[in-house]
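A, B, ... follow the sequence lines: proteins, then strands. Residue 1 opens every chain.
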Protein chains: 2
Amino acid sequence: MKERPYSSLDSYIQQYKLEDLFPASFRQHMKVAPFEKGETLFSDGDELEELYFLVEGKIKIFTLTPEGKSLINRFKRPLAVIGDVEYVKGSPVLNSVEAVTEGVMISAPFSHLNELEKEHPSFIRFLLDTVAHKFYTESHTTSMHMLYPVEVRLASYLLSISSVGEGTVFHQEMRTSNLIELAEWIGTSYRHLNRVLKKMASEDVVEKTNGSVTIKDLEKLRTLAKGNIYE
Amino acid sequence: MKERPYSSLDSYIQQYKLEDLFPASFRQHMKVAPFEKGETLFSDGDELEELYFLVEGKIKIFTLTPEGKSLINRFKRPLAVIGDVEYVKGSPVLNSVEAVTEGVMISAPFSHLNELEKEHPSFIRFLLDTVAHKFYTESHTTSMHMLYPVEVRLASYLLSISSVGEGTVFHQEMRTSNLIELAEWIGTSYRHLNRVLKKMASEDVVEKTNGSVTIKDLEKLRTLAKGNIYE
DNA sequence: CCCAATTAAGGACATATGTCCTTTCGAAAG
DNA sequence: CTTTCGAAAGGACATATGTCCTTAATTGGG
């Protein structure tokens with residue numbers, strides 16, 4: 001997985017079935033841009049000139065306040081679109097974006113997208129689908145955050161990363177690299193997350209072993225989540 | 001203003017300059033639907049069949065939890081689009097909608113919109129603009145709610161309803177009909193809102209006289225809002 | 001003008017969450 | 001094996017906010 005040379009534009013387009021979206025004649029305007037782990041890709045307030053597609057790696061989208069607090073809006077894996085809302089509204093970047101792993105984006109300049117819109121209306125439909133979906137999840141997450149305490153959100157998060165196969169509980173890779181990030185993701189402080197985790201552990205809902213969290217009682221977890229689930 | 005007969009479909013279309021969006025041939029599929037104050041227009045989970053345009057009156061969009069808590073997502077005045085995300089995603093209604101005043105909606109069936117999309121791609125662009133804007137404001141509001149305490153959000157709200165004209169502060173009609181609604185709007189309890197208002201009053205930032213709130217010190221308010229402003 | 005029915009305001013207490021700091025633990029270096 | 005350092009956990013306290021209930025204010029009806 002390491003050091004694998006990044007594919008070319010065309011192979012990414014093929015991989016993600018974007019052929020119809022970007023006709024061959026348009027691809028000359030597009031670029032391939034690798035990035036490093038931890039790199040700041042976009043900052044709140046930047047003026048964007050291109051639309052980006054995440055084709056490899058993982059990024060996080062978050063808000064920073066002047067006071068230094070940060071709130072993670074969401075994590076993204078391929079295929080994700082960055083800059084769609086900015087393109088449509090012509091406004092500066094709404095949230096900051098940082099690379100969680102190394103990865104690759106491909107990009108297309110706004111200026112050429114206007115032409116593409118005219119020639120290939122399906123591109124507008126694609127954007128519409130993308131933005132509608134973003135709105136949907138954002139709206140859902142917001143309600144959860146506003147209406148339920150951390151315990152419910154945490155339970156919901158844990159459910160979202162566990163999959164149930166024939167009665168066995170597998171816990172997938174945590175979508176957050178550590179507990180600090182998890183805290184920012186569910187919108188609380190690290191301290192408080194710890195507190196809630198400990199409580200859950202004392203009730204045998206989860207088990208904490210050196211930094212990693214394992215689900216022990218899926219049913220109790222479901223009760224705690226009150227039917228909510230992230231995304 | 002009362003009892004004024006509602007206009008016809010065509011006059012609404014003209015009034016809001018929707019002629020290009022809905023060609024004459026399409027309008028036979030559209031309907032005019034008046035509603036009463038307080039009426040529940042849509043409920044969380046409903047299956048929507050039509051796209052609606054609010055052309056008269058004021059509505060509120062909110063989330064209800066099984067436990068009975070409610071969170072107001074936003075208020076809408078004409079021209080507003082309802083059901084866009086549901087149309088695009090084909091999913092059930094995300095939030096409940098209630099009429100704050102009497103008013104009128106005009107509607108177009110989803111089934112016919114598909115054809116419209118093909119013949120008039122500008123309609124897709126219109127939806128894209130609409131949804132992108134929704135996302136933008138939603139995202140902004142979410143960050144505020146998650147990152148700042150009620151005092152900041154309240155200050156920000158008060159700023160948003162006051163307009164400054166040549167050094168004089170006018171406070172517009174409160175967009176919420178009462179303090180309870182305001183509490184739901186900024187995402188807190190009525191009790192707590194009262195507490196914060198009282199504190200602001202004691203610092204001469206606002207004045208409370210029988211239920212209505214008047215801004216006394218715009219500068220202090222700006223400081224409290226920390227540069228944030230709703231919408 | 002007075003009273004009942006509402007609506008607004010506020011007191012008391014409980015809970016959720018944040019902040020700061022100390023302690024503990026485990027892994028990597030020496 | 002010991003040291004050291006950073007990550008992880010947790011204690012103590014402060015603040016924000018919620019819940020429940022009581023009191024005060026307001027307004028339409030008689």
Subject >> Partners passing side-chain contact (heavy atoms from CB on, under 4.5 Å) against B:E47 (at least two apart in sequence or in another chain) >> reply: B:P92

Original post:
Could you give the CG-to-C1' distance, from A:L197 to D:dA7, as a whole number of Å?
Top reply: 15 Å

**OP:** Could you check how far CG of B:N194 sits from P of D:dA25, rounded to whole Å?
**Re:** 14 Å

Subject >> Rounded interatomic separation in angstrom, taking CG from B:L147 and P from C:dT17 >> reply: 15 Å

Original post:
How long is the line joining CG of B:L179 and P of C:dG10, in whole Å?
Top reply: 11 Å

Subject >> Which residues share a ring pair (Phe, Tyr, Trp, His ring centres under 6.0 Å) with A:F135, sequence neighbours left out >> reply: none

Using a cutoff of under 3.5 Å, can you pull out all pairs of nitrogen or oxygen atoms linking the protein to nucleotides 11-15 of chain C, with atom names and distances?
unit_1	atom_1	unit_2	atom_2	d
C:dG11	N7	B:R191	NE	3.4
C:dG11	N7	B:R191	NH2	3.0
C:dG11	O6	B:R191	NE	2.8

**OP:** For A:K199 and C:dT17, give me the distance from atom NZ to atom C1', rounded to whole Å.
**Re:** 13 Å

Subject >> A:K60 charged N/C atom sitting above A:F75 aromatic ring, 6.0 Å / 45° >> reply: no

Subject >> Contacts of type side-chain contact (heavy atoms from CB on, under 4.5 Å), residue B:I180, not counting sequence neighbours >> reply: B:N178, B:E184, B:Y190

**OP:** Select from A:E151 and B:I180 the residue whose nearest nucleotide in DNA chain C is closer to the 5' end of that strand.
**Re:** B:I180

Original post:
Rounded to whole angstrom units, what separation is found between the CG atom of B:L154 and the P atom of D:dT17?
Top reply: 11 Å

**OP:** Round to a whole Å and report the spacing from CG of A:L71 to C1' of C:dT17.
**Re:** 15 Å

Original post:
Between C:dA9 and B:Y190, is there an OP1 or OP2 to side-chain N/O distance shorter than 4.0 Å?
Top reply: yes

Original post:
Quick one: side-chain contact (heavy atoms from CB on, under 4.5 Å) partners of A:K198, sequence neighbours excluded?
Top reply: none

Original post:
Step by step, would you call B:D204 with B:K220 a salt bridge (Lys or Arg N to Asp or Glu O under 4.0 Å)?
Top reply: CA-CA 9 Å; B:D204 289 321; B:K220 280 187 189 166; 5.4 Å; no

**OP:** Select base, sugar-phosphate, or nothing to describe what A:T188 touches, counting heavy atoms under 4.0 Å on all strands.
**Re:** sugar-phosphate

Original post:
Whole Å only: how far is the CG atom of A:L193 from the P atom of D:dG10?
Top reply: 12 Å

**OP:** Mind checking side-chain contact (heavy atoms from CB on, under 4.5 Å) for A:E203 and listing every partner two or more places apart, or none if nothing turns up?
**Re:** A:E151, A:K199, A:V205

